[in-house]
Novice: 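What follows is a structure written as structure tokens; I'll ask about it next.
Owing to the predicted nature of the structure, the values given are computational and were not obtained by experimental measurement. Chain letters run A, B, ... following the sequence lines, proteins first and then strands; every chain starts at 1.
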Amino acid sequence: MKSREITRREFIKTSALTTASTALFMNSPEKLFAQTKPKSRVVLIRDENAVLPSGKTNSEVIHKMIDEAVKILFETKDPQSAWKKIIKPEDVVGIKTNVWNYLRTPLELESAIKKRLMEVGVKEENIGINDRGVLRDPIFQKATTLINARPMRTHHWSGVGSLVKNYIMFVPNPSDYHDDSCADLAVIWKLPIVKGKTRLNILVMLTPLFHSVGPHGFSPEYVWQYKGLIVGIDPVACDAVGLKIIEAKRKEFFGEDKPLSPPAKHIQLSDLRHKLGNADMKNIELIFSGFAEGRLI
Amino acid sequence: MIIRTAVLTFYLLSFPFEINLHAQVETDLMNQIPKEINGWISDNDDRIFNEETLFDYIDGGAELFISFGFSKAVNRTYYRNNQPDIIVDVFYMNSSSNAFGAFSHSVGKIGNDFGMQSQTAEGAILFWKGKFYISILAYPETNESKKAIEQIAQKISDAIIDNGEFPLVISKLPKDNLVNESIRYFRHYVWLNSHGFISNENILNISQETECVIAQYSKGSSDANLLLIEYKTSEEAELAIEKFINGYDKRLAAKNIIERNDNLWGGIQKLGRYFVGVFNCSSEKFANELFSLARQINN
């Protein structure tokens, strides 16, 4: 993993490949997303005020965080320019959220995304936000573009609930993909309803769950305020970074290496077997923004 | 002859009672849980789930229970104004071993406040007793909800007459230096990596017919994981070991204990129909000690 701290206006210059790849992306996104090497660029942004003392999400801060993250990711001066790199006004956009009762995608993040989409020129009637109803949702059925946003949490069978796993609702029988502790979730990303459409992935790390207990998996005892978002084009790379944080938190809390059981092998296999993205931290360009205390990686 | 007749008569008379008592517990357990407690009321029908429908309720968490085997799960929810809902889930596992297994894989710190083993966390009580795995949630916790779920837990625990037993294979674990809280019982290969990576594949032919347990051992600065698998026959154990050696590390064909790339030690032994594996061991000496203790399995 190569990581750098950046100040507010200090962006990491990659090569001209960035400019070329952006052009390639807008014309032929499938080809770009099919490339697992070169490195995947991922932004980890944190803000001390992202979560209020009450535990609620700070809407204003979330809006600022996502704005800053996309600016860094796409190397633009303002968030609108960043969004214009991945969204066209004529797009039909599905925001794939996650409504798990105990730790859902914050509504504040959904509204922040929607706001920027509309500023780019996407009509409101062409924006849909859904989780379990995506297969019945006309927006998602005809979507040209997807934005994938969900919190990371531990999971009794897949190891973690991840960005890759978030697309399991695009299949009629999710349990069909549970085999071998959800090893091949990445296959879902090749289905026509989603293939090549995802423009942005946001792994919510505001209050992640790092250990599951009981049938529902949730206990506030195993949630902590990390106050971060992990943002990138590559879902596998974003998940790999999130997983590192979860593993580090488990080690810190339990005082020893406490591996996830079952392990979150679908993330690595998304790379090695399915070539969906980069799971190896050596192939991820991780850019930090925001406060460093408690970052764990 | 008289004694034999008496014993037989005693057995015939008691056996149907044993079945009826257990069936009565199974049938009546939900009936013995009050529908009202401290102002919380459950006035809806209980929801019942099976292997097919449990996914609709707890998503992928269902696989945990399916991997151990259960006949049904019953949910009852209690409501009270200005208080969190209390969610009671009762899993009818196929055996007390299964109840213990599911509990051991879904728990944090183990206590014994309720049932055979329990965990009490903020807004939650989990425990197993007999064939039952019980989960009671009320989040966000209030003083009132905490008291209410404790009362519900006690009533359920009291209603389950049969304590159940720990899986027999657990009694085969060497006792010296065993970290009791680390014991994980399973019959699905997915749980092989509970205490560190061994394999992503079913490298040991684990099935519902095998009894598996993995636990941590600690002695001074030495640590290790010990995996014990009981097969139905010695031949099955032999086949599994062959497969393991080919898939894990071929050096084990020649040596019982080897040093791995991460400077940790590991090894295997076959003891009749048992596979004994030591993994992530900090020293060769400690691995040898554990194998020496494990040899008592067949005593």
Novice: So for atom NZ, which belongs to A:K190, do other residues, nucleotides or ligands contribute more than 12 heavy atoms lying within a distance under 6.0 Å?
Specialist: yes
Novice: Please classify the contact of A:L269 with chain B as side chain, backbone, both or neither, using a heavy-atom distance under 4.5 Å.
Specialist: neither
Novice: So, A:E221 side chain and B:E122 main chain: donor-acceptor pair closer than 3.5 Å or not?
Specialist: yes
Novice: Can you see which heavy atom on A:G214 is nearest to which on B:Y133, and at what distance?
Specialist: CA-OH, 3.3 Å
Novice: Assess whether atom CG of B:N112 is packed by more than 12 heavy atoms of other residues, nucleotides or ligands within 6.0 Å.
Specialist: no
Novice: Need one label for B:I87: side chain, backbone, both or neither, based on atoms under 4.5 Å from any heavy atom in chain A.
Specialist: side chain
Novice: Is A:N101 close to chain B through its backbone or its side chain, or both, or neither, when contacts mean heavy atoms under 4.5 Å?
Specialist: neither
Novice: Side-chain contact test, heavy atoms from C-beta onward, threshold under 4.5 Å: evaluate it for A:P215 versus B:Y57 and give yes or no.
Specialist: no
Novice: For chain A, which residues from residues 134-149 of chain B lie under 4.5 Å away (heavy-atom distances)?
Specialist: B:S135, B:L137, B:Y139
Novice: Could you give the distance from OG (A:S219) to CG (B:L126), rounded to the nearest 0.5 Å?
Specialist: 8.5 Å
Novice: Near A:K251 NZ, under 6.0 Å, is it more than 12 heavy atoms from other residues, nucleotides or ligands?
Specialist: no
Novice: Relative to chain B, which segment of A:P262 carries a heavy atom at a distance below 4.5 Å: side chain, backbone, both, or neither?
Specialist: both
Novice: What's the separation between atom CG in A:N173 and atom CZ in B:F55, rounded to the nearest 0.5 Å?
Specialist: 10.0 Å
Novice: Does a sphere of radius 6.0 Å around CD in A:Q141 hold more than 12 heavy atoms from other residues, nucleotides or ligands, not counting ones at 6.0 Å or beyond?
Specialist: yes
Novice: What is the distance from atom NE2 of B:H195 to atom CG of A:D257, rounded to the nearest 0.5 Å?
Specialist: 12.5 Å
Novice: B:D59 and A:H155: side-chain donor and acceptor closer than 3.5 Å?
Specialist: no
Novice: Relative to chain B, which segment of A:S181 carries a heavy atom at a distance below 4.5 Å: side chain, backbone, both, or neither?
Specialist: both
Novice: Determine the option with the most heavy-atom pairs under 4.5 angstrom with chain B, choosing from A:K258, A:H156, A:K165.
Specialist: A:H156
Novice: Just wondering, more than 12 heavy atoms not from B:D85 lying within 6.0 Å of its CG?
Specialist: yes
Novice: Does the side-chain contact (heavy atoms from CB on, under 4.5 Å) test come out yes or no for A:E256 and B:D223, once each step is laid out?
Specialist: CA-CA 11 Å; A:E256 57 175 354; B:D223 299 295; over 6 Å; no
Novice: Quick check for you: among B:G196, B:S194, B:G61, which has the greatest number of heavy-atom pairs under 4.5 Å with chain A?
Specialist: B:S194
Novice: Counting C-beta onward and ignoring hydrogens, is there a side-chain heavy-atom pair between B:N193 and A:K265 closer than 4.5 Å?
Specialist: no
Novice: Heavy-atom distances under 4.5 Å only: say whether B:A124 touches chain A with side chain, backbone, both or neither.
Specialist: neither
Novice: Is it the backbone or the side chain of B:F65 that comes under 4.5 Å from a heavy atom of chain A, or both, or neither?
Specialist: side chain
Novice: Verify whether the ring centers belonging to A:W157 and B:H188 lie closer than 6.0 Å.
Specialist: yes
Novice: When rounded to the nearest 0.5 angstrom, what distance separates CG in B:N200 from CD in A:Q268?
Specialist: 7.5 Å
Novice: With a 4.5 angstrom heavy-atom cut-off, is it the side chain or the backbone of A:F254 that approaches chain B, or both, or neither?
Specialist: neither
Novice: About how many Å separate OG of A:S158 and CD of B:E63, when rounded to the nearest 0.5 Å?
Specialist: 10.5 Å
